[in-house]
Each structure stands twice: as C-alpha cells, then as structure tokens.
Amino acid sequence: MQKKERFKRFLDYFTQHFPEPKTELNFSNPFELLVAVILSAQCTDKRINQITPALFARFSEPESLAAASVDEVFTYIRSVSYPNNKAKHLVGMANMLMDRFGGEIPATVDELQTLPGVGRKTAHVILSVVYNEPTMAVDTHVFRVSHRLGLAPLTATTPLAVEKALMAHIPKQYVPKAHHWLILHGRYVCLARAPNCKECALKDFCKYYEKYPISI
DNA sequence: ATCCCGAGGG
DNA sequence: CCCTCTGGAT
C-alpha cells in the first residue's frame with residue numbers, strides 16, 4: 001500500500017471513531033499542563049494524574065513553584081520516574097518563567113526549549129495542546145506506532161526523523177489530533193510488548209501485523 | 001525483564 | 001553517538 005493511502009486510512013478511521021481526542025493528563029491551565037508534561041517523561045499519565053492534584057494545590061502558579069525548595073517539590077513527586085531530576089527541572093523552569101517570560105508560558109519551540117526539563121517533545125505538546133499549532137510531538141507511542149503502521153520508514157531511527165515523515169503527509173489541521181490518535185492507539189491497542197492486533201482496525205495495512213500475524 | 005507522552009550531559 | 005536518571009506496573 002502506498003504511503004499516501006496509509007495516511008488516509010489512518011486519518012479516516014480515527015476521524016470517524018475518535019473525532020475529538022485530547023490528552024489524558026489532567027490540567028486546568030497552561031502552567032499545569034507544562035508541569036504535567038515535564039513529569040510525564042518515562043512515566044504513565046495515570047501515575048502523573050495521581051500526584052498532580054496535591055502538587056497543583058500547593059504550587060498553583062509559577063510564583064510559588066519558583067520560590068519552593070527542590071526538596072519540598074521532591075516530596076510531591078517522589079513516586080514518578082526520575083524524581084530528583086524532575087524536581088530540579090520544575091523549580092528551574094518556574095524560575096525562568098518568572099525571570100524571562102513574565103510568568104507566562106512562551107509560545108515558540110525555541111523559547112520553550114530554553115526551559116529546564118523541556119525538550120522538543122514537551123515543547124511540541126504545549127504548542128499543540130495550548131495553542132493548537134501543527135507541531136508533532138514524537139514520544140515512545142508515536143515513534144512505535146508510526147513504524148508499525150508504515151507511516152514512517154524504518155530508516156527514520158530518531159524522533160526527529162519520524163516527526164518529519166509524519167509532517168510530510170498529515171494535513172496541518174489534523175496534526176494536533178493525529179498526535180493524540182497515535183498515542184491512544186499505542187496506549188490501548190498497539191501496545192509495545194503485546195499489541196492487541198485482534199482488536200486493531202488498521203491491521204490490514206500494518207507492517208508489524210504483516211510480519212508477526214500470530215501476535216495476540 | 002520490559003515499558004511508561006524524555007531530557008541533559010559527556 | 002552514548003550514558004544516566006529512577007519508580008511503579010505488568
């Protein structure tokens with residue numbers, strides 16, 4: 001199947017069945033989303049949602065987080081991955097928001113990436129979710145599912161290469177939704193270790209299913 | 001043993 | 001390019 005047809009099948013299916021996808025991270029403003037996405041590295045969204053209520057109650061704005069000690073922030077996030085690094089990043093991020101951005105969340109990739117703990121993936125999530133900009137954040141789910149469905153070539157061995165492959169074929173107005181669709185598919189159907197191919201509506205053109213047709 | 005919406009540093 | 005950070009679920 002041609003690559004153009006693969007993208008059409010993917011977009012048609014999810015437009016039909018999941019017309020309004022959104023992140024599963026709980027947040028009520030851009031600052032909270034930024035904190036949640038920084039915390040979500042190598043960690044499930046469910047776990048992040050378990051610890052953010054208390055965290056957001058204590059640090060509801062960049063001001064309070066910037067004034068906090070790394071040790072105190074650590075006590076709120078000790079159960080997520082890399083709590084030491086993330087506590088340090090969160091306090092540093094809040095301080096830079098206050099010092100250089102007037103306490104507001106910047107709206108460009110370059111500015112976002114200057115924040116401690118914010119790389120290309122996190123910056124793109126903020127731009128996509130908060131500002132509805134056509135940026136494709138490539139995380140572990142997007143990376144894996146794109147390869148399995150043949151939306152990105154196997155030669156695309158880095159997140160940036162996968163991002164470019166996706167951006168070349170997804171209409172701009174679909175990019176923010178396509179990001180969530182790839183994540184939802186990876187999280188609930190196209191699992192890393194034991195994909196639920198029986199339930200998958202896209203397996204007829206999936207390269208992974210073609211190679212491992214007896215997988216669960 | 002492997003995976004989860006990665007980032008920073010060498 | 002590599003390595004490290006690191007807890008909880010499966």
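Chain letters run A, B, ... following the sequence lines, proteins first, then strands; residues in each count from 1. The model shown is predicted, which means the values in this text are computed figures rather than measured ones. All values below were derived from every heavy atom in this structure, side-chain atoms included, with hydrogens, water molecules and symmetry-related copies excluded.
Residue contacts shown for A:Arg193 include a base, since a base heavy atom lies under 4.0 Å away.
Shortest non-hydrogen contact noted between A:Glu163 and A:His124 is OE2-CE1, 3.3 Å. Considering every non-hydrogen atom in both A:Leu11 and A:Pro171, the closest pair reads CD1-CD, 3.8 Å.
Ring planes of A:His147 and A:Phe143: perpendicular class, angle over 60° (limits at 30 and 60°). Aromatic ring orientation, A:Phe14 versus A:Trp181: parallel (interplanar angle below 30°, classes split at 30° and 60°).
What separates CD1 of A:Ile48 from P of B:dC3 is a distance of 19 Å, to the nearest Å. Rounding to whole angstrom units, CD1 of residue A:Ile38 and C1' of B:dC4 are separated by 17 Å. Across the protein-nucleic acid pair, A:Gln42 atom CD and B:dT2 atom C1' stand 11 Å apart, rounded to whole Å. Atom CG of A:Leu39 and atom P of B:dA7 are 12 Å apart (whole Å). Atom pair A:Asn49:CG and B:dC5:C1' shows a separation of 12 Å (rounding to whole Å applied). Taking atom CG of residue A:Leu112 and atom C1' of nucleotide B:dA7, one finds them 14 Å apart after rounding to whole Å. Protein atom CG of A:Leu191 is 11 Å distant from nucleotide atom P of B:dC5, rounded to whole Å. Separating the CZ atom of A:Arg144 from the P atom of B:dG6 is a distance of 10 Å, rounded to the nearest angstrom.
For an aromatic pair to be called close, the ring centres must be under 6.0 Å apart, and A:Phe27 with A:Phe56 fails this.
Checking A:Thr122, A:Leu90, A:Asn29 one by one against A:Leu34, the side chain to side chain contact (heavy atoms under 4.5 Å, CB included) holds for a single residue, A:Thr122.
With hydrophobic clusters built from ILVMFWY side chains whose heavy atoms lie under 4.5 angstrom apart, A:Tyr82 does not share a cluster with A:Met93. Following chains of ILVMFWY side-chain contacts shorter than 4.5 Å, one cannot reach A:Tyr212 starting from A:Val189, and the two form parts of different hydrophobic clusters.
The shortest distance between the side-chain N/O atoms of A:Arg120 and the OP1/OP2 oxygens of B:dA7 is not below 4.0 Å. Between A:His141 and B:dC4, a side-chain N or O to OP1/OP2 separation shorter than 4.0 Å is present. At the phosphate of B:dA7, OP1 or OP2 sits under 4.0 Å from a side-chain N or O atom of A:Thr122.
If you take atom C1' in B:dC5 and the same atom in C:dC3, they sit 22 Å apart, rounded to whole Å. The P atoms of B:dA7 and C:dA9 are separated by 24 Å, rounded to the nearest whole Å. Distance check on atom P: C:dG8 versus B:dG8 gives 24 Å, rounded to whole Å.
For A:Ala192, taking side-chain heavy atoms from C-beta onward, the closest of the listed nucleotides C:dA9, B:dC3, B:dC5 is B:dC3. With B:dC4, B:dG6, C:dG8 as the choices, the nucleotide that has an atom nearest any side-chain atom of A:Arg47 turns out to be C:dG8.
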Restricting to nitrogen or oxygen on both sides, can you table the protein-nucleotides 8-10 of chain B pairs closer than 3.5 Å?
unit_1	atom_1	unit_2	atom_2	d
B:dG8	OP1	A:Gly117	N	2.7

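Judged by distance alone with a 3.5 Å cut-off, a donor-acceptor contact links the side chain of A:Thr23 to the base of B:dC5.
Around CD of A:Glu104, the count of heavy atoms belonging to other residues, nucleotides or ligands within 6.0 Å does not exceed 12.
The stretch residues 56-88 of chain A touches DNA chain C through A:Arg78, A:Ser79, A:Val80, A:Ser81, A:Tyr82, A:Pro83, A:Asn84, A:Asn85, each having a heavy atom within less than 4.0 Å of the strand.
Checked against side-chain hydrogen bond (donor to acceptor under 3.5 Å, both in side chains), A:Asp204 has the following partners two or more places apart in sequence or in another chain: A:Arg9.
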